[in-house]
Visitor: 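Structure provided below as structure tokens; questions to follow.
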Amino acid sequence: MMTTPLVEMDGDEMTRILWQMIKDELLLPFIDLKTEYYDLGLEHRNETDDQVTVESAEATKKYGVAVKCATITPNAARMDEYHLKEMWKSPNGTIRAILDGTVFRTPITVKGIEPCVKNWKKPITLARHAYGDVYKNAEIKVPGAGKAELVFTAADGTETRELIHNFKGAGIIQGMHNTDESITNFAKCCFNYALDTKQDLWFATKDTISKKYDHNFKDIFQEIFDRDYAEKFKEAGIEYFYTLIDDAVARVMKAEGGFIWACKNYDGDVMSDMVSSAFGSLAMMTSVLVSPTGVYEYEAAHGTVQRHYYKHLKGEETSTNSVATIFAWSGALRKRGELDGNEALVKFANKLERSTLQTIQEGKMTKDLALITTMDEIVTLNSQDFIKAIRKTLETYI
């Protein structure tokens, strides 16, 4: 039984198909599922002028826990395909901006799927800042010669100007921002998560080139650590250190894992895909957005699997890995159970995850894992049969 609803954010394309399969096979037969439903599919976002995304984020603040399906961030091709009113912003970016949290992404490790980086023994958790930078940018396409300036007008009307570039011809301009408040929240979330999980914390930017923007991140992290966390880290026997992003990449490749790597918004987006893929598959990574006020939003770290969706529409068989989406549900259900003191719901979430991993370890898996597994005897299953195989395993635990 459930007492408090989850906020359920439905999504797009193949992950939307998997979403319903997971509910039908792995959730509804076993739990009294209570959700407040929001359709974040691109067609409905377009119909509501993207207000449904804002409403889902506000509902997440209200209920404390959400689970989200992968969604399309439209480009020019999607504008035509879906006849959009405008090129709507990333739903994830909108939700993250409203909740102002940090995204923690951790690979799902399972016996038989070995990392591409041979010395990685433990999962590497990516802590991604969830506000600002390129995801809240402003852009101008420069038509021809002219001067571009960065201008800040203070509340009293005074202006600060910085030359960007004297254009001799056509070009492009991009403006990004962040706030000290959001960076501070990001730092606190990272330090708290490191203490909770007893893991070292790395933080990396490019402050040697970005001497004001990136350097501000570095300074705020160090100030908060020295003031509030240095002694706590020492007592816990863990370490915090800062390094340049390029140095961090080199060190990560030689490390054993078992630490948290904190990155700015775009760096975290790219590096989490690199880490998840190197651990086995983009579909094998958990993702949870944690706000400073203790609100949680769980999702898969990958996209909508467009290529498989087009095959599905033609009636062709697909073998799409649903593990990260299953773990989004299990993570949200576990957190809901913890917050409500619902031990039975917590136990169910644990059993669902255990059943998923056991099914893979028994050699039943989707094509992406079958191509990289070290196991000899395997059965490659299609999208639906893989979920049904997990259900059979789950039934033995229930």
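Every heavy atom of this structure was used, including side-chain atoms; hydrogens, water molecules and symmetry mates were not.
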Visitor: Could you go through residues 224-239 and list every donor-acceptor pair under 3.5 Å that involves a side-chain atom there, pairing it with any protein atom two or more places apart or in another chain?
Guide:
| from | atom 1 | to | atom 2 | distance (Å) |
| --- | --- | --- | --- | --- |
| D226 | OD1 | Q222 | NE2 | 3.0 |
| Y229 | OH | N192 | OD1 | 3.0 |

Visitor: Sort and list the pairs that fulfil salt bridge (charged side-chain N to carboxylate O under 4.0 Å, His left out) and have at least one residue in residues 305-315, not counting sequence neighbours.
Guide: none
Visitor: Mind running salt bridge (charged side-chain N to carboxylate O under 4.0 Å, His left out) on R251 and E256 for me, showing each step along the way?
Guide: CA-CA 10 Å; R251 294 179 73 158; E256 288 191 352; over 6 Å; no
Visitor: Locate the shortest heavy-atom distance separating A148 from I173; write the atom from each residue and the value.
Guide: CB-CD1, 3.6 Å
Visitor: If you define the side chain from C-beta out and look only at heavy atoms, does anything of V249 sit under 4.5 Å from W261?
Guide: yes
Visitor: Listed by chain and number, what are the side chain to side chain contact (heavy atoms under 4.5 Å, CB included) partners of R16, not counting sequence neighbours?
Guide: D10, Y37, D39
Visitor: Testing the basics here: between P74 and R45, what is the closest heavy-atom pair and its distance to 0.1 Å?
Guide: CD-NH1, 4.4 Å
Visitor: Can you confirm whether more than 12 heavy atoms, excluding those of I172, are under 6.0 Å from its CD1 atom?
Guide: no
Visitor: Tell me whether K367 at atom NZ has more than 12 heavy atoms from other residues, nucleotides or ligands lying less than 6.0 Å away.
Guide: no
Visitor: Which of these, F241, W202, Y240, F203, sits in a ring-ring contact (aromatic ring centres under 6.0 Å, His included) with F259?
Guide: W202
Visitor: Against T359, only a single residue in K392, K364, R354, K388 fulfils side chain to side chain contact (heavy atoms under 4.5 Å, CB included); can you say which?
Guide: K364
Visitor: Any side-chain donor paired with an acceptor under 3.5 Å for S182 and H129?
Guide: yes
Visitor: Any cation-pi pair here, K351 with Y397, using under 6.0 Å and within 45°?
Guide: no
Visitor: I'd like to check Q358 versus E362 (side-chain heavy atoms, cut-off strictly below 4.5 Å). Are they in contact?
Guide: yes
Visitor: Heavy atoms, side chains only, cut-off 4.5 Å: are I72 and Y82 in contact?
Guide: yes
Visitor: Side chains of T393 and S355: do they bring a donor and an acceptor to under 3.5 Å?
Guide: no
Visitor: So, Q384 and N382: side-chain donor and acceptor under 3.5 Å apart, yes or no?
Guide: no
Visitor: Regarding D340 and T4, is there a side-chain donor-to-acceptor distance under 3.5 Å anywhere?
Guide: yes
Visitor: Has N46 got a side-chain atom pairing as donor or acceptor with K85's backbone, closer than 3.5 angstrom?
Guide: yes
Visitor: For residues 316-340, which residue pairs qualify under ring pair (Phe, Tyr, Trp, His ring centres under 6.0 Å), counting only residues two or more places apart or in two chains?
Guide: W19-W329
Visitor: Just checking, K264 and F217: is the charged tip under 6.0 Å from the six-membered ring centre and within 45° of the axis?
Guide: yes
Visitor: When the side chains of residues 162-169 are checked against the rest of the protein, which donor-acceptor pairs come out under 3.5 Å, sequence neighbours left out?
Guide:
none

Visitor: Does the N321 side chain pair with the main chain of L369, one donor and one acceptor, at a distance under 3.5 Å?
Guide: no
Visitor: Are T318 and Y309 close enough, and set up right, to give a side-chain hydrogen bond (donor to acceptor under 3.5 Å, both in side chains), and what steps lead you there?
Guide: CA-CA 8 Å; T318 64; Y309 180 60; over 6 Å; no
Visitor: Would you name the heavy atoms of C190 and A262 that are closest together and state the gap between them?
Guide: SG-CB, 3.9 Å
Visitor: Sequence neighbours left out, what passes side-chain hydrogen bond (donor to acceptor under 3.5 Å, both in side chains) with K23? Give chain and number order.
Guide: E8
Visitor: Got a sec, which pairs hit side-chain hydrogen bond (donor to acceptor under 3.5 Å, both in side chains) with one end in residues 106-121, sequence neighbours left out?
Guide: T106-T125
Visitor: Does the salt bridge (charged side-chain N to carboxylate O under 4.0 Å, His left out) test come out yes or no for D214 and K206, once each step is laid out?
Guide: CA-CA 6 Å; D214 281 23; K206 192 68 172 176; over 6 Å; no
Visitor: A side-chain contact here means heavy atoms from C-beta on lying under 4.5 Å apart; do S319 and F386 qualify?
Guide: no
Visitor: Does D156 reach the main-chain N or O of T158 with its side chain, forming a donor-acceptor pair under 3.5 Å?
Guide: yes
Visitor: Decide yes or no on side-chain hydrogen bond (donor to acceptor under 3.5 Å, both in side chains) for T304 and Q306, but give the supporting numbers first.
Guide: CA-CA 6 Å; T304 57; Q306 181 185 15; over 6 Å; no
Visitor: Testing the 3.5 Å rule here: is there a donor-acceptor pair between the side chains of D207 and Y242?
Guide: yes
Visitor: Around atom NZ of K347, are there more than 12 heavy atoms from other residues, nucleotides or ligands closer than 6.0 Å?
Guide: no
Visitor: So do the side chains of L381 and T366 get within less than 4.5 Å of each other, counting heavy atoms only?
Guide: no
Visitor: Quick one: side chain to side chain contact (heavy atoms under 4.5 Å, CB included) partners of F30, sequence neighbours excluded?
Guide: F348, R391, L394, E395, I398
Visitor: For residues M253 and M274, report the shortest heavy-atom separation together with the two atoms involved.
Guide: CE-SD, 3.6 Å
Visitor: Any heavy-atom pair between the side chains of E317 and H308 that's under 4.5 Å?
Guide: no
Visitor: Tell me the salt bridge (charged side-chain N to carboxylate O under 4.0 Å, His left out) pairs involving residues 267-292, sequence neighbours left out?
Guide: R128-D269
Visitor: Mind listing the closest non-hydrogen atom pair of S287 and A300 along with its distance?
Guide: CB-C, 4.4 Å
Visitor: Output the rest of the hydrophobic cluster of L99: all Ile, Leu, Val, Met, Phe, Trp and Tyr residues reachable through side-chain heavy-atom contacts under 4.5 Å, sorted by chain and number.
Guide: V7, M9, Y38, L40, V52, Y63, I95, V103, L289, V295
Visitor: Determine, stepwise, if the pair R78 / D80 fulfils salt bridge (charged side-chain N to carboxylate O under 4.0 Å, His left out).
Guide: CA-CA 5 Å; R78 298 295 202 173; D80 295 334; over 6 Å; no
Visitor: So do V346 and R336 actually touch side chain to side chain, heavy atoms under 4.5 Å?
Guide: no
Visitor: Check whether the side chains of E181 and T179 place a donor and an acceptor atom closer than 3.5 Å, and report yes or no.
Guide: no
Visitor: Residues two or more places apart in sequence or in another chain: which of them pass side-chain hydrogen bond (donor to acceptor under 3.5 Å, both in side chains) with H177?
Guide: Y131
Visitor: Walk me through it: do Y135 and N92 pass the test side-chain hydrogen bond (donor to acceptor under 3.5 Å, both in side chains)?
Guide: CA-CA 9 Å; Y135 300 87; N92 289 344; over 6 Å; no
Visitor: Atom NZ of residue position K218 - does it have more than 12 heavy atoms of other residues, nucleotides or ligands inside 6.0 Å?
Guide: yes
Visitor: Given the rule in the salt bridge (charged side-chain N to carboxylate O under 4.0 Å, His left out) test, do E353 and R334 qualify, once you have shown the distances and angles that lead to the verdict?
Guide: CA-CA 11 Å; E353 291 183 0; R334 182 188 297 108; 2.8 Å; yes
Visitor: By side-chain hydrogen bond (donor to acceptor under 3.5 Å, both in side chains), which residues pair with T380, not counting sequence neighbours?
Guide: none
Visitor: With a 4.5 Å limit on heavy-atom distance, are the side chains of H312 and M14 in contact?
Guide: yes
Visitor: Any idea which heavy atoms bring F279 and P107 closest together, and the distance?
Guide: CD1-CG, 3.3 Å
Visitor: Go through the side-chain N and O atoms of T71 and K68 and say whether any donor and acceptor fall under 3.5 Å apart.
Guide: yes
